[in-house]
Enquirer: 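A single structure is presented below for examination.
Only a predicted model underlies this, so the values are computations on that prediction, with no experimental measurement involved. Reminder, nothing fancy here: chain letters follow the sequence lines and each chain counts from 1.
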Protein chains: 2
Amino acid sequence: MQLEQIKYPAQESVALTEPFFHMAFSVDCVIFGFDGNELKILLIKRGEEPFGGYWALPGNLIYLNENIHDGAARVLRELTGLQNVYLEQVETFGTVNRHPLGRVITTAYYSLVKIADCPVFAQSHAEEVSWFPISKVSDLAFDHLEILKACMQKLKKIVRGRPVGFELLPPKFTLSELQRLYEAILEYPMDKRNFRKKILSMNILVELEQYQEGVAHRPARLYKFDEEKYKRFVEEGFSFAV
Amino acid sequence: MQLEQIKYPAQESVALTEPFFHMAFSVDCVIFGFDGNELKILLIKRGEEPFGGYWALPGNLIYLNENIHDGAARVLRELTGLQNVYLEQVETFGTVNRHPLGRVITTAYYSLVKIADCPVFAQSHAEEVSWFPISKVSDLAFDHLEILKACMQKLKKIVRGRPVGFELLPPKFTLSELQRLYEAILEYPMDKRNFRKKILSMNILVELEQYQEGVAHRPARLYKFDEEKYKRFVEEGFSFAV
DNA sequence: AATGATCATGTATATTTTACACAAACTACC
DNA sequence: GGTAGTTTGTGTAAAATATACATGATCATT
């Protein structure tokens with residue numbers, strides 16, 4: 001940690017504020033990926049106390065002179081090497097005793113990334129970094145399991161309000177892959193024909209003149225996202241009017 | 001403030017954590033009400049520096065030994081007398097210089113209340129408490145205007161995913177009042193017949209054998225919410241399947 | 001050449017959404 | 001007591017969307 005970076009803000013009214021300024025603030029990142037079949041999450045193995053040896057969300061304390069969003073990006077980069085990912089705030093967890101070293105309130109951020117495009121490597125207090133299938137994550141440091149569950153819920157909500165996939169799939173993909181992604185997130189099976197109808201009617205996909213190769217069955221057509229249209233869709237969301 | 005309540009948590013690793021534990025944490029409450037025509041928000045006039053004399057969201061620092069959600073309820077009660085309201089977390093704001101006294105990160109909570117049922121009175125560092133029409137709020141202490149806008153967006157989203165009204169309307173109300181509430185939140189007009197069809201099809205309303213009295217036009221039938229069904233609807237949300 | 005796997009595709013039905021206009025019931029005022 | 005002014009309450013047709021469902025096509029493997 002770069003302790004020399006820290007600058008203390010001016011405290012004009014020490015007498016009044018003295019008893020309050022003894023908290024720390026952290027960020028924890030929930031990074032979702034998709035390997036074509038399963039939804040996965042990026043975890044680190046902690047090399048430091050507390051919870052040394054435990055698997056945990058990539059997270060750390062932020063500096064006094066650092067915005068929390070910037071802090072989330074920095075912490076993620078320092079621990080896993082991941083950069084330039086779009087982080088979105090999910091929820092803040094502030095139970096009194098959630099951290100053994102003192103009062104630490106944490107804000108969870110989530111992101112969706114393509115596993116293949118994101119080489120990760122352990123750094124700082126991360127001893128290891130690895131992708132885990134969501135279904136197999138059971139024991140995490142701190143209250144990170146609770147945080148993970150909250151982010152899963154958030155992801156399920158998000159996927160109902162805007163398209164998902166550009167962030168998680170390779171540049172070219174089949175419709176079945178996209179459907180498997182939706183099924184992995186929402187955790188229920190969907191009808192193939194209806195799924196295709198729906199996703200194609202959004203007009204965010206471009207049909208390519210390319211097909212899968214080397215598969216032991218009829219090869220599927222490849223698609224890519226129309227980046228422009230996709231982004232507009234994400235920004236505006238589906239418009240659910242009452 | 002009850003400073004004597006504060007207990008410092010044990011700090012096992014002072015050398016390492018020392019530079020970090022110098023932040024404070026606050027909560028700010030965005031309390032929405034509805035007077036039959038306009039969406040309103042509860043503000044306090046600050047009687048203390050910083051931002052003395054400014055109108056602000058009811059908010060304050062939380063104690064070291066206090067959960068943030070409990071803190072939100074306490075702060076709201078101490079400043080405005082409001083109690084037993086359902087507070088929901090919205091977003092955390094952590095810009096470095098948002099508070100002049102030092103590094104203070106704040107979490108916004110929102111709630112919906114019936115103005116008539118909630119007598120409010122200024123206490124603690126609140127010099128005055130008052131309801132303001134959303135449209136007339138322009139200048140607030142700290143970054144509270146930004147926080148308010150974020151909560152407005154949240155409210156708009158919420159209203160699309162679950163019914164609203166039980167928390168904001170008197171026990172008996174007309175369908176036009178309910179529609180005006182929706183229009184105030186979503187900021188666009190709706191078709192009367194279609195609105196009625198939709199809201200009645202949810203089966204959360206009970207038609208009463210009572211009518212408005214003393215109005216200079218045909219009196220409207222009164223309705224109330226079916227509390228059981230309403231709650232189930234709120235918990236489950238509308239089910240938007242893909 | 002047969003097997004096994006996945007891909008691609010259409011239709012009929014039910015449900016939901018949208019757009020739209022006029023008589024009824026009350027008060028206030030003359 | 002009649003008229004003007006205001007808001008309530010109601011239905012339908014057309015369009016869009018959602019759902020349920022089965023079969024031949026194309027590749028690798030043997």
Enquirer: Any donor-acceptor pair under 3.5 Å linking the side-chain atoms of B:R221 with those of B:Y211?
Expert: yes
Enquirer: Protein-nucleotides 2-7 of chain D N/O pairs closer than 3.5 Å?
Expert:
| unit_1 | atom_1 | unit_2 | atom_2 | d |
| --- | --- | --- | --- | --- |
| D:dG5 | N2 | B:A216 | O | 2.9 |

Enquirer: Please report, rounded to the nearest Å, how far the P atom of D:dG11 is from the NZ atom of B:K198.
Expert: 20 Å
Enquirer: Without decimals, in angstroms, what is the distance between B:L222 CG and D:dG9 C1'?
Expert: 14 Å
Enquirer: Using heavy atoms to find the nearest nucleotide of DNA chain C for A:R221 and B:G214 separately, return the residue whose nucleotide is more 5′.
Expert: A:R221
Enquirer: Expressed as a whole number of angstroms, how long is the span from A:M202:CE to D:dT17:P?
Expert: 12 Å
Enquirer: Quickly work out the B:N194 CG to D:dA16 P distance and round it to whole Å.
Expert: 15 Å
Enquirer: Can you measure A:E213 atom CD to D:dC27 atom C1' for me and round it to whole angstrom units?
Expert: 12 Å
Enquirer: Could you check whether any side-chain N or O of B:Q123 sits under 3.5 Å from a backbone N or O of B:R77, counting only pairs where one atom can act as donor and the other as acceptor?
Expert: yes
Enquirer: What is the distance, to the nearest angstrom, from the CD atom on B:E207 to the C1' atom on D:dT8?
Expert: 13 Å
Enquirer: Grab the CG-P distance between B:D191 and C:dA21 for me, whole Å please.
Expert: 11 Å
Enquirer: Relative to the ring of A:H144, is the ring of A:F142 parallel (under 30°), tilted (30 to 60°) or perpendicular (over 60°)?
Expert: tilted
Enquirer: With respect to the side chain of B:R196, which nucleotide from D:dT8, C:dC7, D:dG11 is positioned closest?
Expert: D:dT8
Enquirer: Using distance alone, with no hydrogens and no angle criterion, decide if B:E167 and B:Y230 have a side-chain donor and acceptor under 3.5 Å apart.
Expert: yes
Enquirer: Over 60° means perpendicular and under 30° means parallel, so tell me whether A:F225 and A:F166 are parallel, tilted or perpendicular.
Expert: perpendicular
Enquirer: Please state how far atom CZ in A:F195 lies from atom C1' in C:dA8, giving the value in whole angstrom units.
Expert: 15 Å
Enquirer: Using a distance-only test with no angle check, is there a side-chain donor-acceptor pair under 3.5 angstrom linking A:D28 and A:T106?
Expert: yes
Enquirer: Given C:dG10, D:dT12, C:dT17, identify the nucleotide with an atom nearest to the side chain of B:K197.
Expert: D:dT12
Enquirer: Got a salt bridge between B:E78 and B:R74, using NZ or NE/NH1/NH2 to carboxylate O under 4.0 Å?
Expert: yes
